[in-house]
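Computed from a prediction, not measured in an experiment: that's the story for all the values here.
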Amino acid sequence: MLSFLGSMGSLAQVRPSIDIEELTNSLATIEGEERIKTLHKLTSYKRFSNPEEALEYSEEALSLSQEIKNDSLIAESNYYLGVVSILRGETPKALESLLDARTGFKELGVTRREISAGSSLASVYSEIGQFEKALDIYFTGLEFSRETENVGYEIFTLTRIGTVQRELGEYSSARRYYKDAIRAALESDGWINGTLAMAELGNLESSFGNKDTAAFYYQKAADWLREKNSIHAVPSLLSNVGNILKDQNRLSEAFKIQKEVIAVADSLNNSLFVINGLIELAVIQRMMGDYENSNASLEESMRKMQESNIANTTRYNILNQLAENYYVLGQYSKAAELAAESFEITMKNKTWKGAEASLGILSEANIKQGYYEEAVQNQKELSQVRDSIRNEERIRNSQEFDAIYSLSRKEQEIALLEVANERKSLIQKGLTLGVVLVLIIAALIIRSQFLRIQRREAKLENESLKRKRLEQDLEFKNKQLVTQSLNIVQKKELMMEMKKKVGLFEEEGSRKELSRLSNLIDYSFTLDADWEEFRMRFEEVHSDFYKVLKGRYGELTPNEMKLSALIKLNLRIKEMAAILGITPDGVKKARYRLRKKLG
């Protein structure tokens, strides 16, 4: 995730620069659609630096869009709200908003935005372990990118598919997708998403213990970004290289890389990366046994934090590291003082993991000073903190379950909406078909009148011409007969499909009404009107067929008589099965018995 956010940082550099303050001030004077679009812009630019403010903008945009009932702006607002909710870790809200956005874009026919919302939705699916759903969305996006020749999005989608495959444990498949993404990026100079693919492949190789290979890809991505003069993600990539060198105990090289991370971050005025770089540098210095310089780096990171007015979310971690250093140096009183300050911050912010670390140091420092009662109290507090950690994990698991349940409900709602739209479409098609049938009947009536006139005029023609006309008329009726038999097949197949769909929706709709509709469909299968009309037309073409057959083989049943007529028409087994209301295997068995009777 860190490399992903880092790449998103590089994307920010290629955006057109805007004056955030000017946009914010303009909200005081604009209304309607213009205000909503401005809120969208502010959400986009504030989502990383200030997610809380971005949330307020996106919620206001959605509310205003709903007030003016603008479907396009509602979909866009839901998209931005979903993206911000992802960054805030609010999974249920992210799922709901992105599902609404994707559905809205789909109904509007804006495929590009539908795919974009789908990509964000897929990332949430991945976070909650719904990997198959995530893959379905990503593969749809991959197909779209190739159809539209959007190479940049193709590279991005290949990378995300690789990441999901990695989560599923399909490591060879993940490696293949990452390399496909990198290959496509190198061929098209798609450096923005190409560097993301390199970073993710580096993560994969690192997880397999291929540290040198991982460092190669991190460094290659960083070099490519520098070549394009887009260095916002470089500190993150170099930091990954430094961590690998640190894990390999190549401390002098790691120290050099970490100094470079701080220098690049400082040139970008990225205080957050400078602070994180100083903290990592302090860890390396502690591993080198240079505790005094490690403390100096940590104290410098706290000064940078105060100067930059950055929220003290990591201050407790810095204090804990300082406390550990002073403990190693034998300055137990100082260690206890810093650990106590860290504990106070973590309890205030309910950062239980940090509180656990603080209490561990504080307890050890108090023991070293002979303050055993205080150490016992520390252990009691530590037990309570660990209970809080377990409770937090239970709450998180419950929230994930609620998110999955909410997702299931939302998907059911969407499915019902799609069914309603399908029914509406079927009704419209039925009406259209009715109009077409009326036109066909009218055309047949006109044709019948025309043929009658022709017959009157044909009285003077010779008998051969009459025979020819009779043969043509017979052929026409025979075609009508075949057509009618196929219509019976289509009608019964349609009725069977409707019965299946009724069964699928019985749990969601009114059981009484759906059961009544199912019985009505069953009843429609028993109607013989279609068959009687078919038989009448058949006898017009083959007038003596039934009479001869019954005379020679009086033991034939009505169904065998029907089967004989269908065989006479050379219908396929599947078509005969649909007309007779039995399976194709049933037709084969009935045909075999019929042949035995006929000899």
Side-chain angles (χ1 to χ4, degrees), residues 1-21 23 41-51 53-54 80 83-84 86-87 116 119-120 123 152-153 155-156 159-160 163 178 181-182 185-186 188-203 206 214-244 256-281 301 304-305 307-311 313-314:
M1 181 60 73
L2 180 61
S3 61
F4 175 70
L5 294 178
S7 294
M8 292 303 293
S10 70
L11 286 173
Q13 185 164 344
V14 297
R15 289 178 175 174
S17 59
I18 64 169
D19 190 331
I20 301 295
E21 186 176 353
L23 270 181
K41 289 180 182 179
L42 286 168
T43 301
S44 178
Y45 281 90
K46 289 276 190 177
R47 55 183 171 170
F48 291 113
S49 61
N50 195 332
E53 195 172 340
Y80 283 110
V83 170
V84 172
I86 290 174
L87 295 173
S116 180
S119 293
S120 297
S123 71
Y153 189 71
I155 298 166
F156 170 79
T159 304
R160 298 307 298 158
T163 301
Y178 286 145
I182 293 170
L186 292 172
S188 62
D189 198 26
W191 57 275
I192 294 177
N193 290 306
T195 51
L196 169 61
M198 289 177 181
E200 291 292 359
L201 182 53
N203 292 340
S206 180
F216 167 78
Y217 283 112
Y218 291 141
Q219 188 67 57
K220 190 172 182 179
D223 292 343
W224 200 358
L225 289 171
R226 279 173 162 164
E227 179 187 325
K228 296 299 179 181
N229 197 30
S230 179
I231 61 175
H232 285 72
V234 170
S236 174
L237 293 164
L238 290 178
S239 182
N240 289 342
V241 175
N243 286 333
I244 288 174
K256 183 179 178 181
I257 288 289
Q258 206 57 52
K259 293 287 283 186
E260 187 179 357
V261 169
I262 296 168
V264 174
D266 194 44
S267 70
L268 292 168
N269 292 321
N270 190 329
S271 300
L272 184 59
F273 265 114
V274 171
I275 292 166
N276 289 335
L278 286 166
I279 294 172
E280 287 297 327
L281 184 65
S301 69
K304 287 282 185 182
M305 191 178 292
E307 291 171 2
S308 305
N309 197 27
I310 293 176
T313 53
T314 60

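With a 4.5 Å cut-off on side-chain heavy atoms, I20 and K46 count as touching. Considering only heavy atoms from C-beta on, Y218 comes within 4.5 Å of I244 through its side chain. At a threshold of 4.5 Å between non-hydrogen side-chain atoms, the residues V264 and R226 count as touching. Using a 4.5 Å heavy-atom threshold, the side chains of N270 and V274 count as separate.
Distance CG/L238 to CD1/I231: 10.0 Å, rounded to 0.5 Å. The line from CG of N50 to OG1 of T43 is 11.0 Å long, rounded to the nearest 0.5 Å. Taking CG of N193 as the start and CD1 of I182 as the end, the distance is 12.0 Å to the nearest 0.5 Å. Atom CG of N240 and atom CD of Q219 lie 11.0 Å apart (nearest 0.5 Å). Going from atom OG1 of T163 over to atom OH of Y178 covers 3.0 Å, rounded to the nearest 0.5 Å. The line from NZ of K304 to CG of L272 is 13.0 Å long, rounded to the nearest 0.5 Å.
Of all the heavy atoms in I86 and S120, the pair that sits closest is CD1-O, 3.7 Å. When all heavy atoms are compared, the tightest approach of V241 to A215 is CG2-O, 4.0 Å. Between K228 and D189, the shortest heavy-atom contact is NZ-OD2, 2.8 Å. In plain terms, the two heavy atoms of Y217 and M198 that are nearest each other are CB-O, 3.5 Å. The nearest pair of heavy atoms linking A197 to T159 is CB-OG1, 3.3 Å. Residues I155 and A185 approach most closely at CD1-CA, 3.5 Å, considering heavy atoms.
At a cut-off of 3.5 Å, with distance as the only test, no side-chain donor of E280 or N276 sits close to an acceptor on the other residue. At a cut-off of 3.5 Å, with distance as the only test, a side-chain donor of S119 or Y153 sits close to an acceptor on the other residue.
Every ring-ring contact (aromatic ring centres under 6.0 Å, His included) that Y80 has, sequence neighbours left out, goes to H40.
Between the side chain of S206 and the backbone N or O of G202 there is no donor-acceptor pair closer than 3.5 Å.
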